[in-house]
Amino acid sequence: MPATVVLLWLANIVLDTFGQLSFKAAAAPALGVGLARWKAMAHKPWIWIGVGCYIGEFLVWLAFLSLVPLSEGVLLGSINIVAVMVAGRIFFAEKFSPLRTVGILLVASGVAVVGLGG
Amino acid sequence: MRRFYLIGFLVLVCFDTFAQVCFKLTANHALPPEANLAWVLRVASSPWVYAAIACYIGAFITWMALLEHAPIGPAFAASHLEVVSVLALSVVIFNERISAAQLIGSALIIAGIVCLAISETDAEKPPADA
């Protein structure tokens with residue numbers, strides 16, 4: 001793979017993972033209910049950092065797909081699922097029960113196989 | 001909590017799936033694809049593009065509601081049920097053909113989500129906080 005493609009791929013993984021972690025941080029419990037909860041979330045930086053990551057990810061993904069066929073893009077995108085799982089464990093102390101790990105890896109491999117066959 | 005996850009993920013997948021269907025309908029409406037203002041105007045004149053944006057907003061609100069309690073790792077994996085539902089609807093609505101690999105991949109995704117659902121049910125047994 002050319003260096004640009006690798007860089008764009010890595011940027012996509014980092015932005016996707018960091019964006020999802022930001023949303024998780026923004027959605028912390030006990031912020032209230034309904035509109036009050038959304039106001040509380042809007043007053044903290046995390047939701048905006050997450051939205052920023054999404055916009056960046058969208059642009060990086062478009063650039064990536066202009067160099068790589070969509071099916072390969074989907075195949076490589078399945079790594080993001082594993083990255084978010086590992087990051088959730090590191091930053092939010094999420095537990096890895098064996099069944100949970102198997103489930104996440106099955107979903108990631110399924111997305112990869114769909115990419116291979118696309 | 002189990003019902004919260006079940007309903008939440010169903011709503012999320014519906015929004016995500018209909019957003020993709022609406023984008024496809026928008027793209028069909030705006031044919032042929034061109035990198036010019038005329039194409040942008042054709043996109044903007046399609047009602048489907050606004051339905052797609054509404055679905056995106058609905059999906060975002062649902063996702064933020066789910067994340068109040070759901071751990072991000074398994075939740076992010078489970079949201080990929082969208083891949084299966086979009087494949088299914090592409091056959092039903094757009095008469096697209098799907099390959100054997102896509103069928104096998106879909107089966108793996110569903111099997112993974114079943115594992116996640118069972119692991120959540122198990123984890124919840126001692127103190128249910130729903």
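Just so you know, these numbers come straight off a predicted model, no measurement behind them. Reminder, nothing fancy here: chain letters follow the sequence lines and each chain counts from 1.
When all heavy atoms of B:P74 and A:R100 are compared, the closest pair comes out as CG-NE, 3.4 Å. Listed here is the closest heavy atom pair of A:I104 and B:A77: CG1-CB, 4.0 Å. A:A27 and B:L67 make their closest contact through CB-CB, 3.6 Å (heavy atoms, listed as atom of the first residue, atom of the second, distance).
There is no contact between B:A100 and chain A, counting heavy-atom distances below 4.5 Å. Using a 4.5 Å cut-off between heavy atoms, A:R37 touches chain B through its side chain atoms alone. Looking at B:I61, the atoms closer than 4.5 Å to chain A (heavy atoms on both sides) sit in the backbone and in the side chain alike.
One finds the CD1 atom of B:I109 at 9.5 Å from the OG atom of A:S78 (value rounded to the nearest 0.5 Å). Here B:F76 contributes atom CZ and A:F23 contributes atom CZ; the two are 11.0 Å apart, rounded to the nearest 0.5 Å. Rounding to the nearest 0.5 Å gives a distance of 8.5 Å between CG of B:L116 and OG of A:S97. In this structure, B:S79 OG and A:I81 CD1 are separated by 7.5 Å, a value rounded to the nearest 0.5 Å. Atoms CG and CD, on A:L116 and B:Q102 in that order, are 10.5 Å from each other to the nearest 0.5 Å. Rounded to the nearest 0.5 Å, atoms CG (A:L106) and CD1 (B:I113) are 10.0 Å apart.
Surrounding CH2 of A:W38 are more than 12 heavy atoms belonging to other residues, nucleotides or ligands, all under 6.0 Å away. Open room surrounds CZ on B:F18; 12 or fewer heavy atoms of other groups in view lie less than 6.0 Å from it. In the displayed structure, B:F4 atom CZ is contacted under 6.0 Å by more than 12 heavy atoms of other residues, nucleotides or ligands.
Residues A:V14 and A:I79 do not share a hydrophobic cluster, clusters being chains of Ile/Leu/Val/Met/Phe/Trp/Tyr side chains in contact below 4.5 Å. Residues A:L76 and A:V84 fall within the same hydrophobic cluster, defined by Ile, Leu, Val, Met, Phe, Trp and Tyr side chains chained together at heavy-atom separations under 4.5 Å. With hydrophobic clusters built from ILVMFWY side chains whose heavy atoms lie under 4.5 angstrom apart, A:M85 shares a cluster with A:I13. A:W46 and A:L15 are members of different hydrophobic clusters when ILVMFWY side chains are connected at heavy-atom separations under 4.5 Å. Connection of B:V13 to B:F23 is not established within any shared hydrophobic cluster, with ILVMFWY side chains joined at heavy-atom distances below 4.5 Å, either directly or through further cluster members.
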**Request:** Might you work through the side chain to side chain contact (heavy atoms under 4.5 Å, CB included) test for A:I47 and B:M64, ending with a clear yes or no?
**Result:** CA-CA 9 Å; A:I47 198 165; B:M64 293 308 287; 4.0 Å; yes
**Request:** Show your reasoning for whether side chain to side chain contact (heavy atoms under 4.5 Å, CB included) applies to B:L108 and A:V113.
**Result:** CA-CA 9 Å; B:L108 286 170; A:V113 171; 3.9 Å; yes
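Side-chain atoms of B:P71 and A:K24, non-hydrogen and from C-beta on, never get closer than 4.5 Å to each other.
Just one of B:V83, B:I104, B:V84, B:L103 meets the side-chain contact (heavy atoms from CB on, under 4.5 Å) condition when paired with A:V114; it is B:V83.
Between chain B and the options A:Q20, A:K95, A:M41, the largest number of non-hydrogen pairs under 4.5 Å is found for A:Q20.
Between the side chain of A:E94 and the backbone N or O of B:I72 there is at least one donor-acceptor pair closer than 3.5 Å.
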